[in-house]
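Single-structure report; data block below.
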2 protein chains.
Amino acid sequence: MVTIKDVAREAGVSPKTVSRVVNDDPAVNGKTREAVAEIIRRMHYVPDHAARMMRMSHSSVVGLMTDAVATTPYSVDIVRGTQAGLREQSRTMLIANTDGDPGQEQEYWRVFRAHKVAGVVYATMYHRPVDLGAPDFERGIVLANCYSARRSHSSVVPDDEGGGYTQARHLIELGHRRIGIVSLSPVLRATVLRGAGYRTAFAEGGLLYDPALEIPGFITRPDGGEDLVAYDAALGLLRRADRPTAIICGNDQIAVQIYAAAAALGLSVPDDLSVIGFDDMAVITRTLKPMLTSVALPYFEIGRIAVDILGRVNGEIDGPVVPQVLVPCPLVVRQSCRQLV
Amino acid sequence: MVTIKDVAREAGVSPKTVSRVVNDDPAVNGKTREAVAEIIRRMHYVPDHAARMMRMSHSSVVGLMTDAVATTPYSVDIVRGTQAGLREQSRTMLIANTDGDPGQEQEYWRVFRAHKVAGVVYATMYHRPVDLGAPDFERGIVLANCYSARRSHSSVVPDDEGGGYTQARHLIELGHRRIGIVSLSPVLRATVLRGAGYRTAFAEGGLLYDPALEIPGFITRPDGGEDLVAYDAALGLLRRADRPTAIICGNDQIAVQIYAAAAALGLSVPDDLSVIGFDDMAVITRTLKPMLTSVALPYFEIGRIAVDILGRVNGEIDGPVVPQVLVPCPLVVRQSCRQLV
DNA sequence: GTCGCGTGTGACAGCGATGTCATCAACGGC
DNA sequence: GCCGTTGATGACATCGCTGTCACACGCGAC
């Protein structure tokens, strides 16, 4: 390994001067700076992170602690967003996947402490409350896609209520008056919040919210697993005499089954039935025929913003430390919803 | 921060003894060990990674360099597998996403050098050749889901040919004799390899390979993007007088469109048409009605094995350094293929 | 009593970087 | 010609940890 001393010797200056050049200290003569910089390039000198970190007693690495985010298709974009945010700060990311196991989580908190990470983004796969169990960790922690019931940390979460409102509003604007809903498991926070959004939009549009038209598309089994029953839910809705002209889905997977149910009944999307998804998972929305209109979960943005907030919490970036950021869920219009005359 | 000296003072021993306890050096009296360990627990002492790394001049962190793996639903499992492998070695992972930009990649090689990472897993989203452009990096590098055309590094790749063989073989064993293929873009290596697999299985089963029955489901646009045209491809196949009884898909997204095309023609899966996918993306395979039989891309295993090979390359794990590992693609049987009488 | 040996422990140096403070040359003002 | 100031550079200590080597002690062999 080539060290600062090697460079210093080669350049005929002291190590401290090389250090100054590396760190853009203005108190270096232009000529010296040039010469040293050239030698650094030539020798491929890269300052040792460990030594630097030791001297400066904090690292340029941020920890990303997740239950399963980094490893499931649903919310990987949080990772991408986090990484993008960190890149702007020339930082890197140490990633820890706990698989939801508290033992592993405990272990990784130790790792993060050992690495003196500059902060931690704590992300979850589902939008839900978390309890961090007071890890004795001195640097900032920001929650992404989750929030602290005790309000102990700042959080960045999707605006599920707004997302639900957007879904319903879009259909209402297209002229739909009978709207069915095939929702996520009722135990999820997202379901509750979006339900509130639906009602607001319905009320605004002068529609009545009819509980008979809302059916869960997922049911949670006693063992914690989930069964996707959207197909049957959709059949139930579509066989009614007063068949809805549009269906709001709790996520894009539900939409897949609704397409199938509609096809089975000889109904065409969007001519006979409009469908709007949630999540905007490219793999599904762009694969279905016709392509699925959906409301996006802004995971990339969530990650990015979490990093920003983390900077504020640590006082490295100017700006207020807000307790919670609601990130809007934008509408992505494709071909699955039709304007009623 | 509580340091080794703090612990030493508290325990009334020298820092070196504390160090011995932390590192399980047997040359410590049982009583001393107990006492020191207790104090360590009580004070929440965590050895400083930077200092340790500096002293020992290598890190317990492995770099994961990817083009987009960490951030796309397709191949995130490589990340999970890598992490799982590292966990067994009590290591952690520094993650770098280049978005395919050589400038970023260059930058991250520097970061990895600065961190003195113990090695690098270089993973790509698609199975393809790569040219690492000789980064002056001293520790081991293992390629995951890609390989070096110049054979300069060990690689771990999916056995696409075997996967193709498995798809075809499964259908043949179920009695199918006319099998259509809706493949990935012909420019992909996977397409070529799987094609070879199909032919082998066809030959074994005494079937003729009919080029008219193989149609691309994706086409690559001049701008590099891809268009999913599997729906039309499927219609073409299914409207033939000598309609195939089964279709092999290049991936699971293609299967979605084939389901749709079949439904449009009033054909039922699997009664009138058997469909077998590739990739085994849970979001799709378990969402379709009926659930999709597919051949899995063993991304998790690839990541895991890559870490193992990395250990061998670095001489930390016993075992031969093989130039390439082909990881089998297992068949996952669900409900989309039917036995012909 | 001396020696050798094994066991447990500590003193000390040094890994590579940087903060602090000292040094030194050049220069303008008196 | 002297002094204070400014600008550029270097000497040195230090961050937390561990490898090396030395030392102290107890014990058995001669």
Side-chain angles (χ1 to χ4, degrees), chain A residues 1-37 39-40 43-61 90 110-118 138-139, chain B residues 1-37 39-40 43-61 90 110-118 138-139:
Chain A
M1 250 218 41
V2 29
T3 77
I4 202 167
K5 279 190 198 158
D6 301 324
V7 176
R9 196 174 321 114
E10 187 73 12
V13 299
S14 78
K16 179 67 217 192
T17 298
V18 178
S19 167
R20 288 194 175 96
V21 172
V22 169
N23 293 288
D24 281 325
D25 185 327
V28 185
N29 182 291
K31 261 208 183 112
T32 318
R33 152 166 292 120
E34 263 319 302
V36 172
I39 306 237
I40 286 177
M43 299 181 76
H44 294 123
Y45 167 66
V46 179
D48 184 275
H49 177 77
R52 207 164 193 169
M53 183 167 141
M54 194 167 147
R55 199 61 179 69
M56 323 220 288
S57 79
H58 76 269
S59 149
S60 63
V61 175
S90 330
R110 284 175 41 93
V111 171
F112 284 173
R113 284 221 295 147
H115 280 261
K116 290 206 195 100
V117 296
E138 297 115 357
R139 307 304 304 268
Chain B
M1 251 218 39
V2 30
T3 76
I4 202 167
K5 279 190 198 159
D6 301 325
V7 176
R9 196 173 323 115
E10 188 74 13
V13 299
S14 78
K16 179 67 216 193
T17 298
V18 178
S19 168
R20 287 194 175 97
V21 172
V22 170
N23 294 288
D24 280 326
D25 186 327
V28 186
N29 182 291
K31 258 204 184 118
T32 319
R33 151 165 292 120
E34 262 320 301
V36 172
I39 305 236
I40 287 178
M43 300 181 76
H44 294 123
Y45 167 66
V46 180
D48 184 275
H49 177 78
R52 207 165 190 166
M53 183 167 140
M54 197 166 146
R55 196 62 180 68
M56 323 219 288
S57 77
H58 77 269
S59 151
S60 63
V61 175
S90 328
R110 283 175 41 92
V111 171
F112 284 173
R113 285 222 293 149
H115 280 261
K116 290 207 196 99
V117 296
E138 297 115 357
R139 308 302 305 268

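- Taking atom CZ on B/R113 and atom P on C/dA17, their separation rounds to 12 Å, with Å as the unit.
- Rounded to whole Å, atom C1' of D/dC17 lies 13 Å from atom CD1 of B/I40.
- Of the residues B/R52, B/K116, B/R139, B/M53, the one that meets the side chain to side chain contact (heavy atoms under 4.5 Å, CB included) test with B/H58 is B/R139.
- Whole-Å rounding puts the A/K5 NZ to D/dG10 P distance at 15 Å.
- A sub-4.0 Å separation between OP1 or OP2 of C/dG16 and a side-chain N or O of A/T3 is absent.
- Proximity of residues 49-58 of chain A to DNA chain D (heavy atom under 4.0 angstrom from any strand atom) is restricted to A/M54, A/R55.
- One finds the CZ atom of A/R9 at 8.5 Å from the NZ atom of A/K5 (value rounded to the nearest 0.5 Å).
- For the pair A/V61/A/H49, a side-chain contact is recorded, criterion being any heavy-atom separation below 4.5 Å from C-beta on.
- Summarising the geometry of A/S14 relative to A/A8, their closest heavy-atom pair is C-CB, 3.7 Å, with the distance given to 0.1 Å.
- Atom CE in B/M1 sits roughly 18 Å away from atom P in D/dT14 (whole-Å rounding).
- No donor-acceptor pair under 3.5 Å is formed between the side chain of B/N23 and the backbone N or O of B/D25.
- Rounded to an integer number of Å, the gap from CG of A/D48 to P of D/dG16 is 17 Å.
- Rounded to the nearest 0.5 Å, atoms CD1 (A/I40) and CZ (A/R33) are 10.0 Å apart.
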Between A/T3 and A/D48, does the side-chain contact (heavy atoms from CB on, under 4.5 Å) criterion hold? Intermediate values first, please. CA-CA 8 Å; A/T3 77; A/D48 184 275; over 6 Å; no

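- Contacts with DNA chain C (heavy atom under 4.0 Å) in residues 15-33 of chain B: B/K16, B/T17, B/R20, B/A27, B/V28, B/N29, B/T32, listed by number.
- The shortest side-chain heavy-atom distance between A/V7 and A/V2 falls under the 4.5 Å cut-off.
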